[in-house]
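Quick note: residue numbers are just sequence positions, from 1. Every number for a ligand or one of its atoms is a count from 1 in the order of the listing. These numbers come from a predicted model, not from an experiment.
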Amino acid sequence: MSETIPLVTRLAQKDEQKWLAALREKLPIYNVKSFTELDRAERSAARVAICANPDPAHIAALPNLVWLQSLWSGVERLVAELPASSPAIIRLRDPQLAASMAEAVLAGVLYLHRHMPAYLRQQQNRIWQGIDQPNAGQRKIGILGLGDMGAAAARLLLAPGFAVAGWSRSPKNIEGIKCLHGDDGLGLITASSDILVILLPLTKATRALVDSDFLAHMPPGAGIINFGRGPIIDSAALLAALESGHVSHALLDVFEREPLPAGSPLWSHPGITIWPHIAAVTSIDTASKIAAENINTFLRDGTIPEAVSRSRGY
Ligand SMILES: NC(=O)c1ccc[n+]([C@@H]2O[C@H](COP(=O)([O-])OP(=O)(O)OC[C@H]3O[C@@H](n4cnc5c(N)ncnc54)[C@H](OP(=O)(O)O)[C@@H]3O)[C@@H](O)[C@H]2O)c1
């Protein structure tokens, strides 16, 4: 009998059906089934499952699972909700998602670099006035996080000629990018970034990393782009820095609570541009292909892709 691959999600039924259809197309020789349709024998036999925001009780109900392929790239919720004894978590690593994120970072950096928020305000007040425009090479862009997303974004920002630096936990070497790491590296990138792009995962170490002390060390008038996770920025500290003018503008795609509640002061602040978590949207087509490749390899020769480190949290 062919191997059963459970799909475990808390998605709306119509969204889960779309994933099921794509995964079945890419794993035609296996029996890809929604968790809710599995019988007792299938639950017990499953060695690998695919998940998107799974109910932890459903993962616990698959006792012989060796690993779990997430359909999302950010795994902080899985890490928080699944006990440490759970099967290995494999996050989505999709070059298409990284390319899409790089495109969003380029759009966001150009938006701030070319004073778009200020020109929008001027238009609303019928003001015809140019603002001093530095060249791209005079603009220092700092990227927190040089993983799949950060490295792709850093490379794309070289094309218009920006001066790009990046920061990661471990040392990196990326041609054309000033690569920094550790506490000293953080101090350097904070103090020198005219536009700071956050592409870190949410972990114990990154939660509220961008607080009032951090913001005070940024150059006056700096811009901030958060495409990582909302709680990496202390939003009260950000609002205070915007009020004082120390931070000129923030482009935010991710928030502590999503959707951003209607009553949030972030919605109406003139120094904030809001995107509804769309910087890089998972493509069902490429993500299901990558999940299928990983599962095919495992079922052929037992290889498990590199797992998330539970101690690091990403
Ligand atoms: N807004 C969106 O639409 C969207 C879409 C996709 C992803 N995301 C977010 O983007 C995040 C990054 O994705 P990714 O695929 O690039 O992740 P990744 O490949 O795991 O890279 C994470 C990067 O952050 C660095 N890092 C982590 N903790 C750190 C710390 N404490 N100090 C310094 N550096 C640290 C890592 O350093 P090392 O290289 O040394 O490990 C790595 O360079 C995801 O976790 C998710 O939250 C957002």
Side-chain angles (χ1 to χ4, degrees), residues 52-53 69-80 89-109 142-157 164-174 177-190 193 196-211 214 224-233 250-260 273-284 286-287 290 305-314:
N53 304 342
Q69 172 70 59
S70 172
L71 294 172
W72 306 154
S73 129
V75 287
E76 71 282 351
R77 190 164 166 188
L78 275 177
V79 169
I89 299 168
I90 313 304
R91 70 190 189 93
L92 178 71
R93 297 190 65 188
D94 182 349
Q96 175 54 52
L97 192 70
S100 172
M101 178 61 86
E103 188 183 282
V105 169
L106 180 61
V109 166
I143 303 184
L144 301 187
L146 278 179
D148 293 351
M149 307 286 149
R155 288 194 182 96
L156 191 60
L157 288 172
V164 187
W167 180 71
S168 50
R169 201 177 41 82
S170 55
K172 296 266 182 290
N173 189 0
I174 306 174
I177 312 295
K178 185 174 178 186
C179 293
L180 301 163
H181 68 281
D183 289 347
D184 293 350
L186 184 62
L188 287 172
I189 202 164
T190 308
S193 298
L196 186 82
V197 183
I198 301 170
L199 280 171
L200 290 165
L202 178 62
T203 67
K204 282 193 200 105
T206 65
R207 182 176 288 273
L209 177 76
V210 179
D211 60 7
F214 181 107
I224 292 190
I225 297 175
N226 189 7
F227 290 168
R229 284 293 181 260
I232 295 169
I233 298 187
L251 166 56
L252 307 176
D253 181 58
V254 285
F255 302 89
E256 178 99 39
R257 275 183 61 201
E258 296 180 9
L260 183 63
T273 298
I274 304 238
W275 286 2
H277 202 143
I278 45 75
V281 177
T282 303
S283 145
I284 291 189
T286 57
I290 287 163
E306 188 189 346
V308 168
S309 154
R310 298 301 295 247
S311 57
R312 281 192 338 222
Y314 72 98

Taking every non-hydrogen atom, the tightest pair across Ala279 and Ala104: O-CB, 3.4 Å
Residue pair Ser170 / Ser168, side-chain donor-acceptor N/O under 3.5 Å: no
Check ligand 1 for N or O atoms under 3.5 Å from a protein N or O and list each pair with its distance.
| from | atom 1 | to | atom 2 | distance (Å) |
| --- | --- | --- | --- | --- |
| ligand 1 | 1 (N) | Phe227 | O | 3.1 |
| ligand 1 | 1 (N) | Asp253 | OD2 | 2.8 |
| ligand 1 | 3 (O) | Ala280 | N | 3.0 |
| ligand 1 | 3 (O) | Ala280 | O | 3.1 |
| ligand 1 | 15 (O) | Arg91 | NH1 | 3.0 |
| ligand 1 | 15 (O) | Arg91 | NH2 | 3.4 |
| ligand 1 | 16 (O) | Asp148 | N | 3.2 |
| ligand 1 | 16 (O) | Met149 | N | 2.8 |
| ligand 1 | 19 (O) | Arg91 | NH2 | 2.7 |
| ligand 1 | 19 (O) | Asp148 | N | 3.0 |
| ligand 1 | 20 (O) | Arg91 | NH2 | 3.4 |
| ligand 1 | 34 (N) | Arg169 | N | 2.9 |
| ligand 1 | 37 (O) | Arg169 | N | 3.2 |
| ligand 1 | 37 (O) | Tyr314 | OH | 3.4 |
| ligand 1 | 39 (O) | Lys172 | NZ | 2.6 |
| ligand 1 | 40 (O) | Arg169 | N | 3.2 |
| ligand 1 | 40 (O) | Ser170 | N | 2.6 |
| ligand 1 | 40 (O) | Ser170 | OG | 2.5 |
| ligand 1 | 41 (O) | Tyr314 | OH | 2.5 |
| ligand 1 | 43 (O) | Leu146 | N | 2.9 |
| ligand 1 | 43 (O) | Gly147 | N | 3.0 |
| ligand 1 | 47 (O) | Gly228 | O | 3.4 |
| ligand 1 | 47 (O) | Arg229 | NH1 | 3.4 |

Donor-acceptor contact below 3.5 Å, side chain Thr286 vs main chain Gln96: no
Salt bridge (charged side-chain N to carboxylate O under 4.0 Å, His left out) assessment of Arg91 paired with Asp148: CA-CA 12 Å; Arg91 70 190 189 93; Asp148 293 351; 3.3 Å; yes
Shortest non-hydrogen contact from Ile174 toward Ala151: CD1-CB, 3.9 Å
Test: Arg312 cationic atom under 6.0 Å from Tyr314 six-membered ring centre, within 45° of axis: yes
